[in-house]
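Note that the coordinates shown come from a computational prediction; the quantities given were computed from them, not determined experimentally. Note that the numbering runs from 1 along the sequence shown for the chain. Quick note: numbers below take in every heavy atom, side chains included, and nothing from hydrogens, waters or symmetry partners.
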Amino acid sequence: MSLKNLRTLKADYRAKHRKFRLDCKDEIKAELNRKITERFLNSDVYKNCEILFAYVSTEIETDTSVIIKKALDDGKTVVIPKCLDRAGLMDFYQIKSLNDLRSGMYDIFEPDTERCELFTDKSTGVCLVPGLCFDMYGYRIGFGKGYYDRFLAEFGGITVGLCYSKCVEHSLPKGSHDIAVDILITEKYLSDNLRNC
């Protein structure tokens, strides 16, 4: 598949699932988020993790706010990304409370670098990976900026995708640099060992 065709196909899936997320009624989305959050927090991968790499969700994404708060309450090390530029580079900083977050690039809440410590160990932990849609093998289509593609190439821990089941395709187009998540959690199920499929 040519790079041009790959980009076109990904753009089509991106538009399809962005529309679903925008059109989804608030009460339905809230219930989906509640079930996904509950499934993740009850999972062994969460219970056994000491370091949680989490993103602060936007309105269009699967909600992570309850997960972040619970992880902080449970005494886990919680690290959040900060975009360094618009070229796909980001660093992670440890937060101690939600008060450590400030509105940053793309109007996404990010760590306040004057209050938070840079976190550089990418060898272990559990990373929540954002995506507009995933497939049954753990591959994803994000927002097209490339931040997580670069990070996941260096990450040595367990990766988890949180996704509404209606945004899970059987198979998505992928390039040579795309990396599947290890675990996919929807409001209906938890699938693991996806990278071994």
Side-chain angles (χ1 to χ4, degrees), residues 10 13-14 16-17 20-21 24 28-58 60-81 90 92 94 119 121-143 146-197:
K10 284 190 173 185
Y13 278 108
R14 196 171 282 123
K16 171 186 174 182
H17 292 288
F20 168 79
R21 289 165 179 266
C24 189
I28 294 175
K29 191 183 294 184
E31 180 63 10
L32 295 176
N33 286 329
R34 185 191 66 77
K35 289 180 178 178
I36 291 170
T37 295
E38 185 177 85
R39 195 175 295 279
F40 174 69
L41 293 177
N42 287 331
S43 70
D44 287 339
V45 70
Y46 172 76
K47 292 176 182 177
N48 295 330
C49 92
E50 296 180 1
I51 304 168
L52 180 66
F53 291 74
Y55 61 94
V56 180
S57 55
T58 61
I60 200 173
E61 294 174 307
T62 307
D63 183 60
T64 59
S65 61
V66 175
I67 291 171
I68 293 171
K69 186 176 185 309
K70 180 72 162 62
L72 289 168
D73 290 344
D74 287 344
K76 297 183 187 292
T77 297
V78 178
V79 293
I80 304 291
M90 65 182 181
F92 280 82
Q94 182 178 353
F119 193 90
D121 184 0
K122 303 173 184 175
S123 65
T124 188
V126 172
C127 180
L128 301 181
V129 182
L132 281 169
C133 57
F134 288 79
D135 70 14
M136 299 302 294
Y137 307 97
Y139 289 96
R140 60 183 270 278
I141 292 179
F143 292 86
Y147 289 97
Y148 272 85
D149 295 325
R150 290 172 176 82
F151 170 73
L152 292 178
E154 301 177 346
F155 184 64
I158 298 170
T159 53
V160 179
L162 306 176
C163 190
Y164 308 132
S165 61
K166 293 241 179 180
C167 294
V168 177
E169 300 280 349
H170 176 71
S171 181
L172 289 170
K174 53 190 171 291
S176 58
H177 298 295
D178 290 326
I179 299 172
V181 296
D182 299 300
I183 297 169
L184 179 62
I185 298 177
T186 76
E187 75 280 6
K188 294 182 177 179
Y189 57 82
L190 183 155
S191 296
D192 56 7
N193 295 317
L194 295 175
R195 277 200 262 190
N196 297 324
C197 292

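- Closest heavy-atom contact between L41 and Y46: O-CD2, 3.4 Å.
- Screening residues 121-138 for salt bridge (Lys or Arg N to Asp or Glu O under 4.0 Å), with sequence neighbours left out, gives K122-E154.
- Side-chain contact check for D182 versus D192: every heavy-atom pair is 4.5 Å or farther apart.
- The closest side-chain heavy-atom distance from L190 to S43 is below 4.5 Å.
- A distance of 6.0 Å separates OG1 of T62 from CG of N33, quoted to the nearest 0.5 Å.
- Here NZ of K76 is found 14.0 Å from CD1 of I68. Values are rounded to the nearest 0.5 Å.
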Pair D149, R140 - check side-chain contact (heavy atoms from CB on, under 4.5 Å), show working.
CA-CA 10 Å; D149 295 325; R140 60 183 270 278; 3.3 Å; yes

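- Shown here for I36 and C163, the closest heavy-atom pair between the two residues is CD1-O, 3.5 Å.
- Note that CG of N42 is 10.5 Å distant from OG1 of T37, once rounded to the nearest 0.5 Å.
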If you apply the rule side-chain contact (heavy atoms from CB on, under 4.5 Å), what do you find for L172 with C133, and how did you get there?
CA-CA 9 Å; L172 289 170; C133 57; 4.0 Å; yes

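- Between F151 and P81 the shortest side-chain heavy-atom distance does not fall below 4.5 Å.
- Note: R39 CZ to I183 CD1 = 13.0 Å, rounded to the nearest 0.5 Å.
- Judged by distance alone, the side chain of T159 and the main-chain N or O of C127 form no donor-acceptor pair under 3.5 Å.
- A heavy-atom distance below 4.5 Å is not found between the side chains of T77 and E50.
- In this structure a side-chain-to-backbone donor-acceptor pair under 3.5 Å is present from T64 to Y55.
- The CG atom of L162 sits 6.0 Å away from atom CD1 of I185, with the distance rounded to the nearest 0.5 Å.
- Side-chain contact between I179 and F155: absent, with no pair of heavy atoms (C-beta onward) separated by less than 4.5 Å.
- Using cut-offs of 30° and 60° for the angle between ring planes, the H170 and Y137 rings count as perpendicular.
- One finds a salt bridge joining R34 and E31 here, because a Lys/Arg side-chain nitrogen approaches an Asp/Glu carboxylate oxygen to under 4.0 Å.
- The shortest side-chain heavy-atom distance between F40 and V45 falls under the 4.5 Å cut-off.
- Among all heavy-atom pairs drawn from Y13 and S171, the shortest one is OH-O, 4.0 Å.
- Donor-acceptor pairing under 3.5 Å is recorded for the side chains of E187 and S165.
- The heavy-atom pair separating G142 from R14 by the smallest distance is O-NE, 2.7 Å.
- The shortest distance between side-chain heavy atoms of R21 and Y164 falls below 4.5 Å.
- You'll find the side chain of I51 stays beyond 4.5 Å of the side chain of F92, heavy atoms only.
- For the pair I80 and A54, the tightest heavy-atom approach, listed with the atom from each and the gap, is CD1-O, 3.1 Å.
- Contact record, S57 with S65: OG-N, 4.3 Å, taken as the closest heavy-atom pair.
- Summarising the geometry, atom OG1 belonging to T124 is positioned 8.0 Å from atom CZ belonging to F53; distances are rounded to the nearest 0.5 Å.
- Of the possible polar contacts, none joining the K10 side chain to the I141 backbone as a donor-acceptor pair under 3.5 Å is found.
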